[in-house]
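Computed from a predicted model, the values in this text were never measured in an experiment. Hydrogens, waters and symmetry mates are skipped; everything else that's a heavy atom, side chains included, is used. Residue numbers run from 1 in the order of the sequence given. When a ligand or atom number is given, it counts from 1 through the structure's own listing order.
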Amino acid sequence: MKKFLLPIVFLIVHVSCKPQVEIIDKPIIFDEIRKELTLEYLEDHYGLVQDAPTIDPKMIVLHWTAIPTFEGSFDAFKNVKLPSWRPDLENASALNVSSQFLIDQDGTIYRLMPETTMARHVIGLNHTAIGVENVGGTEGKALTDAQLKSNIALVKYLTDKYNIDYLIGHYEYTKFENHPLWLEKDDGYRTSKTDPGEDFMQKIRQATENLNFKENP
Ligand SMILES: [Zn+2]
């Protein structure tokens, strides 16, 4: 009887070490038009001519939406084309912004699109970056501890699944301008970002130290 016990103990330990994360699928619209706009974006901005709008994930970029509610945040990503109040981005492409994940203030993780489909969330790096948006970042709606925990769990889950080298906050993206991963062709296309806050990133980095991400350039 005893000889059966050891494998069972190993099995339990092994299973409990796997990153456990609950993800709810809540897809945004990804129709033929969004697919075509994404393929166009990949070619125009990165010189990548592809049949499918897929990415090779080597990076995770964390964000806040600067919108206080889940519904408002989801609606900002849902539609295929950029709304008319974003003329700053419209010149670069009509493709709406989005991200693969959106985390609500209570820590619930929603997957808005397949993990390896390109989302428009970070200039220069969309071809390789998985985006994680967090509801909040506005006056009176700071990111929460529940979101912090969920971001850590999601980062572990994604790092377990893909060869992720870098974990960055959106405000750090321009550090990659001379890096081989940076493919943006338009030198005039830049935005200034502060999300998801330095304090939030510091806490995430502390909690994911053992994942050994590469240093930012
Ligand atoms: Zn952002």
With side-chain contact (heavy atoms from CB on, under 4.5 Å) as the test, pick out the partner of Val135 among Lys141, Glu71, Gln105.
Gln105

Residue His170 atom name (nearest to the Zn ion (ligand 1); N/O/S)
ND1

Could you check which N/O/S atom of His63 is closest to the Zn ion (ligand 1)?
ND1

Give the name of the N/O/S atom in Asp195 that lies closest to the Zn ion (ligand 1).
OD2

Using the ring of Tyr46 (Phe, Tyr or Trp, six-membered ring only), decide whether Lys185 places NZ or CZ under 6.0 Å from its centre and within 45 degrees of its axis.
no

Any chance the rings of His179 and Tyr166 have centres within less than 6.0 Å?
yes

Can you tell whether the side chains of Glu172 and Arg205 come within less than 4.0 Å, N to carboxylate O?
yes

